[in-house]
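Nothing here was measured: the structure is a model prediction, and the numbers come from that model.
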Amino acid sequence: MKPDALPSISALRDHLLAHSVRRGDFVLKSGRRSNWFIDSKQTACRPDGMILMADAVLAVLPEDVAAIGGLTMGADPVAFATAAVGNLRGRSLKSFSVRKEAKDHGAGGRIAGALDAGDRVALVEDTVTRGTSLVEAARIVRAFGADPIVMIAVVDRGGTCAAMADAEGIAFRALVTAPDLGFDYEGA
C-alpha cells in the first residue's frame with residue numbers, strides 16, 4: 001500500500017457509511033438474513049464517491065497492472081472510474097467487463113472492453129461477501145489469455161475472499177472491511 005493510501009481509504013470509509021450502509025432486516029443474495037446491508041453503488045456512482053474510490057484503488061494497485069475490470073455490474077463503476085481518474089493522475093489503465101454470459105454476435109465472448117491477451121490485470125468488485133464473482137472473473141480472464149494478479153474489493157463484508165483468491169494464486173486487497181464499518185464479517 002502506498003503511503004498516501006490511508007487518507008483516501010479513510011475518506012472512502014466515511015463516504016460508504018454516509019451513503020451506502022443501511023441498517024435493518026435484510027435477506028442477502030445467499031438467502032441469509034443480516035442486520036445491515038451495503039449498496040456500494042451509492043458511493044461508486046456519486047461523483048465525489050467515484051474520486052474517493054478510484055484514488056483508493058490506485059493507491060493499492062500494483063504498478064505493472066495494464067487493465068482493470070471484472071464481472072459486470074459489481075466491477076463496472078469501480079473499473080471505469082479508476083481507469084478515468086487514473087488517466088487524470090498519469091496512470092494509464094484499460095478497462096473491461098466480464099459478461100455474465102457469452103455474447104453470440106459482434107465480437108462475441110464474455111469480455112467486453114479493452115483487454116488484450118498477456119495483460120496483467122486487476123479484478124475489482126464493489127462489494128464481496130464470499131468472493132465467487134471475483135473468482136469467476138479470474139477464470140474467464142485467464143481463459144482469454146490475460147494474467148489476473150490482484151483482486152480488489154471496495155468492501156469486503158464476508159472475510160472469506162482472501163482465502164479464495166489465495167487458492168487461485170492471486171493477491172487480494174480489501175479497501176474497507178465489515179469491521180472497518182462497525183460490523184462483523186458475514187462470509188462462508
Side-chain angles (χ1 to χ4, degrees), residues 12-13 15-22 26-32 34 36-58 60-61 65 67-87 93-115 119 121-144 146 148 150-158 160-161 164-165 168 170 172-178 181 186-187:
L12 174 61
R13 184 200 70 230
H15 196 284
L16 288 160
L17 285 167
H19 298 283
S20 298
V21 173
R22 303 288 178 260
F26 301 96
V27 177
L28 304 177
K29 187 167 88 171
S30 66
R32 291 190 330 205
S34 177
W36 72 287
F37 180 77
I38 183 155
D39 179 3
S40 298
K41 286 177 189 58
Q42 294 301 317
T43 290
C45 295
R46 293 173 190 265
D48 55 339
M50 286 179 191
I51 300 294
L52 292 170
M53 179 189 60
D55 281 339
V57 171
L58 290 165
V60 302
L61 199 64
V65 166
I68 186 168
L71 198 63
T72 197
M73 286 287 299
D76 294 344
V78 182
F80 302 154
T82 301
V85 171
N87 188 63
L93 294 165
K94 296 179 277 183
S95 59
F96 66 94
S97 293
V98 176
R99 292 184 183 101
K100 293 192 188 283
E101 298 177 348
K103 188 173 156 184
D104 62 356
H105 59 282
R110 290 192 64 187
I111 303 292
L115 180 65
D119 280 345
V121 173
L123 296 168
V124 293
E125 184 76 20
D126 57 358
T127 300
V128 296
T129 300
R130 295 173 294 145
T132 55
S133 293
L134 285 169
V135 170
E136 179 181 353
R139 292 175 180 165
I140 298 301
V141 164
R142 279 187 176 135
F144 181 80
V150 66
M151 296 176 175
I152 301 170
V154 174
V155 177
D156 180 2
R157 75 171 282 139
T160 61
C161 195
M164 292 183 81
E168 294 290 320
I170 303 171
F172 175 72
R173 304 283 182 272
L175 301 178
V176 177
T177 65
L181 297 170
E186 295 186 340

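- Across every non-hydrogen atom of Val128 and Ala153, the tightest pair is CG2-CB, 3.7 Å.
- By the 4.0 Å N-to-carboxylate-O rule, Asp126 lies close enough to Lys41 to be salt-bridged with it.
- Between atom CG of residue Leu52 and atom CZ of residue Arg13 there is a gap of 12.0 Å, rounded to the nearest 0.5 Å.
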For this session: Begin with the C-alpha distance, continue with both residues' side-chain angles, and end with the deciding distance and a verdict on side-chain contact (heavy atoms from CB on, under 4.5 Å) for Asp119 and Val141.
Result: CA-CA 10 Å; Asp119 280 345; Val141 164; over 6 Å; no
Exercise. What do the steps show when you test Phe144 against Val98 for side-chain contact (heavy atoms from CB on, under 4.5 Å), and what is the final call?
Worked result: CA-CA 11 Å; Phe144 181 80; Val98 176; over 6 Å; no
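- Contact record, Gly70 with Ala137: CA-CB, 4.2 Å, taken as the closest heavy-atom pair.
- Contact detail for Arg110 and Glu136: the closest heavy-atom pair is NH2-OE2, 2.6 Å.
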For this session: Show your reasoning for whether side-chain contact (heavy atoms from CB on, under 4.5 Å) applies to Leu71 and Lys100.
Result: CA-CA 7 Å; Leu71 198 63; Lys100 293 192 188 283; 4.2 Å; yes
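- For the pair Pro77/Met50, no side-chain contact is recorded, criterion being any heavy-atom separation below 4.5 Å from C-beta on.
- If you take CZ on Phe96 and CG on Leu123, they are separated by 5.5 Å, rounding to the nearest 0.5 Å.
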Problem set entry | Candidate pair Val154 and Thr43, rule side-chain contact (heavy atoms from CB on, under 4.5 Å), full reasoning | CA-CA 10 Å; Val154 174; Thr43 290; 5.9 Å; no
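- In this structure, CG on Leu12 lies 9.5 Å from CG on Leu17, to the nearest 0.5 angstrom.
- The side-chain heavy atoms of Ile170 and Arg142, taken from C-beta on, include a pair separated by under 4.5 Å.
- Although no hydrogens or angles enter the test, the distance criterion places no donor-acceptor pair under 3.5 Å between the side chain of Ser97 and the main chain of Arg99.
- Residues Val150 and Arg173 are in side-chain contact: their nearest non-hydrogen atoms beyond the backbone lie under 4.5 Å apart.
- Note: Glu125 CD to Asp76 CG = 9.5 Å, rounded to the nearest 0.5 Å.
- When all heavy atoms are compared, the tightest approach of Thr132 to Met164 is CG2-CE, 3.9 Å.
- Between Asp156 atom CG and Met151 atom CE the span is 12.0 Å, to the nearest 0.5 Å.
- No side-chain heavy atom of Ile68 sits less than 4.5 Å from a side-chain heavy atom of Ile152.
- Annotation for Phe37 and Arg157: closest pair CA-NH1, 3.8 Å, computed over non-hydrogen atoms.
- Counting heavy atoms from C-beta on, the side chains of Lys94 and Leu115 never come closer than 4.5 Å.
- Nearest heavy atom pair, residue Arg22 against residue His19, reads NH2-O, 3.0 Å.
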